Every structure is written in C-alpha cells, then in structure tokens.
Amino acid sequence: MYMFLPFAIALLAAIFIWFEKRLLGLLFALASALITAAWFMHHASDKLNISL
Amino acid sequence: MSQFTLPSLSGIGNIALLLVINSLLTLAFLDQFINHDLPCPLCILQRMGFTLIGLMFLLNIRSGAQPTHYGFAILFAILGLSVSLRQVLLHVAPSDLGYGDTLFHLHFYTWAFVGFVSLMISIAILLIIPDCGTRSRHWLAQFVCLWFVLLLVGNMLSTLSICGLGACADNPLNYAGIEQLRQWLAK
C-alpha cells in the first residue's frame, strides 16, 4: 500500500466533484479516508514515548 | 447563475473555509520547501485530513450543500484530529523538543489540532446558518476550488517524492522517492 495513494484517490474524487459526479466523488473520498485511517493505524501502533 | 453572482451566506462560509484549508496546506508546503522541513508520516496524514474536509467543501460549492457532506466533513475532522493528537502525545514528554519547525511557539501538529477543532466548530455554525444554496460559479469560488485541486496534485507528488513506492520513513531526511527513481533509471 502506497503512502501517496490517499492523495491519488482524493484527486480522482476532486475530478469527479468538479464535473458534478457527486456520488462518485463521495465514494472516492470515502475510499481515500479509509486508506488514510489504515495508514494511521499502521503509524500509531507503536508505544507512546511518555513515562507516567 | 453567472460568475459574478454572489453566493449566499452559507456559500460564502464554505468558500471561506476552503480558503482556510488552502492557506494551511500552502503554509505547510512553504515550510517544506523554504525551510527544508520534510513532513513525517503523521504530518502527511494530517495534510490528508485537511484535504478530505476540503473535498466536502468542494462538493458543497460545486454540487450544493447536503447534510451528508457536513457529516462526513466532521468525521474526517475527527480522523485528522486523532492523528494530530497522537503526534502531540508522542512529543509531550518534558525533554522532547518535538518534531519540525514551530510557528508562534507551537509545533505545526499542535496547530493542526487547533485547526481541526476550529473546522468542526465552523461546520457546526454552517449547519446552524439557513442553507440558501451553496452552489456557486463565482470567479472567487472557481479560483479557490482550482487552488485546492492544485494543492492536492502538489501533495500527491510531494508524498510520492518523499516516500516513494511504500511506507514513509519515520523521520524523513531526504526525498527517498526521487532517489529510488534515480537508482531505477541508472540500472
């Protein structure tokens, strides 16, 4: 999975939105959000650097 | 609807918020290129959070506002807020100097947290204002939308040049994607 993929899919969403394809734009935006969330899970699964 | 017809109050709100997102992303780009402060993976994900919210404002401006768009914008703001909060917590220890540059004594990820909270409050206000049509073809709306799309292209190319084809380094020091491309071309 590539880090630039959410931006690439968001760009497709923006193109669909620009040409008023609302549903397709919304679907691609959601797909982009899901990949962003997956990347966040990947990068946030290590321990926090704090000692309490 | 001509390019000189002014949009309604909610329309102006959507354009203004997209302008705010454009300004934030442009500021991040300026810091990246002028101060050579490469974004970390969490920083890139925060940029993505702002981009996703911006897409919903773009949707409102191009196709008209719907509760679905505002609902998703709030969800995307929560996603971005979680990423920025995670990064704030990573650097909360007293001896930790934080990651990257500061602006008015706060790191960019702390500003991102403030930005996501402010956007959520702004979306709530937009939902309170009566919707008299947010769809606009005013030249200012067209300009802000085009600026947003160009920033999206820029962010995609920037991420590709920093991370290459794969995950980003935790602390990127150079454009690894460009190095990968050079090595591939040299073969």
Side-chain angles (χ1 to χ4, degrees), chain A, chain B residues 40-42 44-49 51-64 66 68-69 72-73 75-76 79-80 82-83 85-87 89-94 96 135 142 145-146 148-149 151-168 170 177:
Chain A
M1 201 158 68
Y2 308 126
M3 194 76 185
F4 75 92
L5 201 59
F7 287 108
I9 296 175
L11 180 62
L12 285 176
I15 291 167
F16 283 125
I17 291 167
W18 190 275
F19 293 105
E20 298 186 33
K21 307 281 180 204
R22 181 184 162 272
L23 264 180
L24 274 173
L26 209 52
L27 272 174
F28 274 78
L30 269 178
S32 178
L34 284 175
I35 297 170
T36 306
W39 268 119
F40 177 46
M41 291 289 282
H42 173 79
H43 284 292
S45 51
D46 51 348
K47 287 180 185 171
L48 285 178
N49 186 22
I50 51 173
S51 54
L52 299 172
Chain B
C40 60
L42 288 176
I44 291 172
L45 292 177
Q46 285 160 57
R47 287 186 186 187
M48 194 60 228
T51 304
L52 284 168
I53 301 169
L55 273 179
M56 295 302 106
F57 293 135
L58 184 71
L59 205 48
N60 285 345
I61 295 166
R62 299 295 300 179
S63 306
Q66 288 198 16
T68 324
H69 306 163
F72 278 123
L75 286 177
F76 297 153
L79 176 65
S82 312
V83 179
L85 186 61
R86 161 75 187 178
Q87 197 166 10
L89 290 176
L90 270 175
H91 300 291
V92 81
D96 196 311
R135 198 172 167 202
Q142 300 274 50
C145 290
L146 192 64
F148 175 74
V149 176
L151 279 170
L152 190 42
V153 175
N155 266 308
M156 187 186 77
L157 294 175
S158 158
T159 310
L160 191 60
S161 61
I162 294 168
C163 310
L165 299 175
C168 278
D170 283 341

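In what follows, chains carry the letters A, B, and so on, assigned in the order in which the sequence lines appear, proteins first and then strands, with residues in each chain numbered from 1. Computed from a prediction, not measured in an experiment: that's the story for all the values here.
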* Checking heavy atoms, do the side chain of L52(B), its backbone, both or neither come under 4.5 Å from chain A? -> side chain

* **Any donor-acceptor N/O pair, R62(B) side chain to E20(A) backbone, under 3.5 Å** => no

* Side chain to side chain, Q87(B) and H43(A), heavy atoms closer than 4.5 Å -> no

* Approximate separation, where rounding is to 0.5 Å, of W39(A) CH2 and L45(B) CG -> 8.5 Å

* To do: Starting at CD of Q66(B), measure out to CG of L26(A) and round the result to the nearest 0.5 Å.
  => 8.5 Å

* Report the option among I44(B), T68(B), V153(B), L59(B) that has the most heavy-atom pairs separated by less than 4.5 Å from atoms of chain A. => L59(B)

* Which distance, rounded to the nearest 0.5 Å, do you find between the CZ of F16(A) and the CG of L58(B)? -> 13.5 Å

* Least distance between heavy atoms, A14(A) atom then L152(B) atom -> CB-CD2, 3.8 Å

* Structure fact -> Rounding to 0.5 Å, atoms CE (M48(B)) and CE (M3(A)) come to a distance of 10.0 Å

* T159(B) OG1 to L5(A) CG distance, which is reported to the nearest 0.5 Å -> 11.0 Å

* Looking at H69(B), M56(B), R47(B), which makes the most heavy-atom pairs under 4.5 Å with chain A? -> H69(B)

* Contacting region of C168(B) [heavy-atom separation from chain A under 4.5 Å] -> both

* Proximity breakdown for I61(B) and chain A, heavy-atom pairs closer than 4.5 Å -> neither

* L157(B) vs F4(A) side-chain heavy atoms within contact, under 4.5 Å -> no

* Asked: Under 4.5 Å between any side-chain heavy atoms of L42(B) and F40(A), yes or no?
  -> yes

* **Nearest-0.5 Å distance that lies between atom SG in C145(B) and atom CH2 in W18(A)** => 5.5 Å

* Asked: Picking from N155(B), I162(B), T51(B), which has the most non-hydrogen pairs under 4.5 angstrom with chain A?
  -> N155(B)

